[in-house]
Amino acid sequence: MSHPGLRPTIFVLVSAALFGAAAPLAKPLLDSAGPFHLAALLYLGAALVVGPAVMWRGLPDRRLLSSNALRLTGVLLFGGVVAPLLFLRGLTLANAASVSLWLNLETLVTVLLAWLFFKEHIHRRGWASVALILAASLLLVWPSGFEAGKAALFVGLACVCWGLDNNLTALIDGLTPAQTTLVKGIAAGTINLFMARFAGEGQPPGYVVAAALLLGALCYGLSLVLYIGGAQQLGSARAQLVFSTAPFWGVMLAWTLFSEPVLPVQIAAAFLMLAALWLLHGERHEHGHAHGAIRHVHWHRHDDGHHDHIHEAGAPAAGHTHEHAHQPTTHSHPHRPDLQHRHEH
């Protein structure tokens with residue numbers, strides 16, 4: 001029986017790299033676009049990039065949308081509307097590098113919420129990863145100082161909202177990552193457009209619209225699809241620990257694209273983050289547990305002891321996504337708090 005392996009971790013790492021680039025690349029756009037307009041364009045760009053794939057595979061079934069209605073509402077409200085506005089507000093009050101670094105607060109919030117309210121068991125290696133990530137975050141924040149308190153407050157509140165979003169997203173069952181991203185992108189984009197009109201924001205220039213849509217497609221759309229795919233296999237807490245490398249990717253972008261100096265504390269933080277990822281990936285959790293009958297949709301392979309349904313052409317070795325059913329079973333094997341392993345300890 002195979003372990004989830006590196007694939008979901010790589011998904012989340014690439015997602016983090018894309019999202020980490022959002023703050024430094026979005027900062028110049030705020031000179032020509034209001035926060036509501038920019039938030040709308042970022043999410044509409046996300047919807048545009050996944051739209052063709054969703055249309056090709058098929059739109060979400062109404063039954064599945066209904067079963068996930070409360071989770072999707074929370075994801076839309078906290079992650080699609082409130083968090084981006086708080087984040088962009090903080091971005092107007094501080095430099096992009098500082099805002100990128102403060103985003104690591106999202107890790108702590110997500111892990112604590114997952115542990116307290118969403119039945120995710122965190123092992124000693126997991127808590128050690130949290131400590132290393134926080135230590136790396138402090139090292140990264142230290143050179144910029146703490147003078148921009150108001151901006152940090154806005155970013156911190158955005159992280160609380162994204163923490164709720166992360167935990168709810170990992171629980172969405174029955175929708176593919178692309179379908180979830182499409183629903184979130186269209187709904188959040190439309191709501192923010194109405195709010196921009198209500199707030200009296202002017203229409204941004206065409207080149208800003210195009211740049212924001214492209215930025216949203218990559219840093220929100222593709223990033224979100226990869227994050228959801230990884231979080232459904234790793235659980236929200238572990239996925240967020242991997243995703244917490246996003247600020248460091250933003251710093252690397254500042255080094256290369258904006259020629260900012262490489263600081264020794266940044267190098268030290270990089271090694272701490274690598275150590276945290278090593279601890280997290282080496283985590284093993286095994287005990288006897290029971291599964292009830294369930295029908296759902298998610299990415300899966302057929303060598304994990306849970307997916308024994310038959311495909312006429314044979315099951316793809318690399319994994320695939322489709323709706324499938326599970327029969328009740330009791331067994332023991334290494335596992336993480338993915339969609340099938342949310343149980344009490």
Side-chain angles (χ1 to χ4, degrees), residues 1-20 50 53 71 75 79 106-107 110-111 114-115 118-123 125-126 129-130 132-133 162-163 165-181 219-246 248-249 273-286 291 296-307 315-322 324 326 333-343:
M1 187 180 303
S2 71
H3 192 267
L6 280 175
R7 184 187 179 101
T9 302
I10 292 173
F11 280 1
V12 180
L13 275 175
V14 176
S15 172
L18 290 169
F19 186 72
V50 300
R71 299 184 190 111
V75 165
E106 184 181 344
T107 298
T110 301
V111 172
W115 179 55
F118 292 91
K119 298 182 180 180
E120 288 204 25
H121 183 71
I122 311 296
H123 277 276
R125 293 176 72 105
S129 296
V130 171
L132 288 173
I133 290 293
W162 270 320
D165 175 15
N166 293 333
N167 279 285
L168 292 171
T169 294
L171 293 176
I172 291 176
D173 191 6
L175 302 181
T176 67
Q179 288 174 335
T180 303
T181 302
C219 298
Y220 276 43
L222 182 56
S223 176
L224 187 56
V225 168
L226 292 170
Y227 179 83
I228 294 171
Q232 287 181 342
Q233 299 172 67
L234 296 175
S236 58
R238 289 154 182 81
Q240 189 57 36
L241 286 171
V242 178
F243 191 79
S244 65
T245 59
F248 183 71
W249 294 111
M273 288 185 176
L274 287 173
L277 292 176
W278 176 79
L279 280 172
L280 190 66
H281 185 68
E283 179 187 44
R284 292 294 184 271
H285 174 63
E286 180 175 358
H291 299 274
H296 58 181
V297 178
H298 66 101
W299 183 92
H300 60 277
R301 293 169 56 174
H302 281 245
D303 58 355
D304 61 0
H306 291 95
H307 299 89
H320 55 293
T321 301
H322 64 88
H324 56 278
H326 296 269
H333 64 94
H335 62 276
R336 289 168 172 168
D338 54 23
L339 285 175
Q340 294 173 181
H341 297 96
R342 296 273 174 163
H343 44 251

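A centroid separation of less than 6.0 Å is found between the aromatic rings of F19 and W162.
Legend: residues meeting side-chain contact (heavy atoms from CB on, under 4.5 Å) with L226, ordered by chain and number and at least two apart, are F11, V14, S15, L18, L222.
Taking OG1 of T169 as the start and OH of Y227 as the end, the distance is 7.0 Å to the nearest 0.5 Å. A distance of 9.5 Å separates OG in S223 from CD1 in I228, rounded to the nearest 0.5 Å. Atom CG of L168 sits about 12.0 Å away from atom OG1 of T180, to the nearest 0.5 Å.
Of all the heavy atoms in V12 and G230, the pair that sits closest is CG2-CA, 3.8 Å. When all heavy atoms of V50 and G221 are compared, the pair lying nearest together is CG1-O, 4.5 Å. Across T9 and V242, no two heavy atoms sit closer than the pair O-CG1, 3.8 Å.
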